Amino acid sequence: VQLQASGGGVVQAGDSLRLSCAASGRAFGSYGMGWFRQAPGKEREFVAGLTWNGGRVYYADSVKGRFTISRDNAKKTGYLQTDNLKPEDTAEYYCAASKALRSEYVRRTEREYDYWGPGTLVTVSS
């Protein structure tokens, strides 16, 4: 599976962005996926994750209520809707997929994900 995140940009505080994660490979629809981010000078952190069918989701406390993760398996694409962005959301955003087939567990750590794509940069100005 190959992943490619897109949709980043430069926005002002309070704005929204919709990040997309395009995947290749027939098995993507059976994989859990997640979004992580890495701010300058900081470690990469979990943002949101969901199961293969979108039935279960999990969010980091810092984004809960502002970000929404979703997926369209027919299009082999995952999404992260980011609303009410704050300067502290500035980071490189990465999507990832876990090859545990049809797991009902939402993975939340880097080591639980097997496939990663290059990031997309989100910059939020105050």
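Given the structure is predicted, the values throughout are model-derived calculations rather than measurements.
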Measuring from atom [atom1] of [X] to atom [atom2] of [Y], what distance do you get when rounded to the nearest 0.5 angstrom?
{"X": "I69", "Y": "M33", "atom1": "CD1", "atom2": "CE", "value": "5.0 Å"}
{"X": "Y58", "Y": "Y105", "atom1": "OH", "atom2": "OH", "value": "9.0 Å"}
{"X": "Q38", "Y": "E45", "atom1": "CD", "atom2": "CD", "value": "9.5 Å"}
{"X": "T51", "Y": "Y31", "atom1": "OG1", "atom2": "OH", "value": "15.5 Å"}
{"X": "R108", "Y": "F36", "atom1": "CZ", "atom2": "CZ", "value": "11.0 Å"}

Geometric cation-pi criterion R71 and F28, 6.0 Å radius, 45° cone: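 The answer is yes; both the distance and angle limits are met.
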Carboxylate-amine/guanidinium contact D89 K86, below 4.0 Å: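 Salt bridge flag = no for K86 with D89.
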Verify same cluster id: V1, Y113 (apolar side-chain graph, 4.5 Å):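 Result: no, two separate clusters.
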Heavy-atom closest contact (V47 atom, F67 atom, distance):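 Taking V47 first and F67 second, the nearest heavy atoms are CG1-CD2, 3.7 Å.
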Output a table of donor-acceptor pairs, distance under 3.5 Å, between side-chain atoms of residues 12-26 and any protein atom two or more places apart or on a different chain; print 'none' if there are none.
unit_1 : atom_1 : unit_2 : atom_2 : d
D15    : OD2    : Q12    : N      : 3.1
S16    : OG     : D83    : OD1    : 2.8
S24    : OG     : Q2     : N      : 3.1

Can you give the donor-acceptor pairs under 3.5 Å from side chains of residues 116-123 to other protein atoms, not counting sequence neighbours?
unit_1 : atom_1 : unit_2 : atom_2 : d
T120   : OG1    : G8     : N      : 2.9

With sequence neighbours excluded, residues passing side chain to side chain contact (heavy atoms under 4.5 Å, CB included) with S70: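 Side chain to side chain contact (heavy atoms under 4.5 Å, CB included) check on S70 returns Y79.
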Within-4.5 Å side-chain heavy-atom neighbours: N53 and E104: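 Touching, per the 4.5 Å side-chain cut-off.
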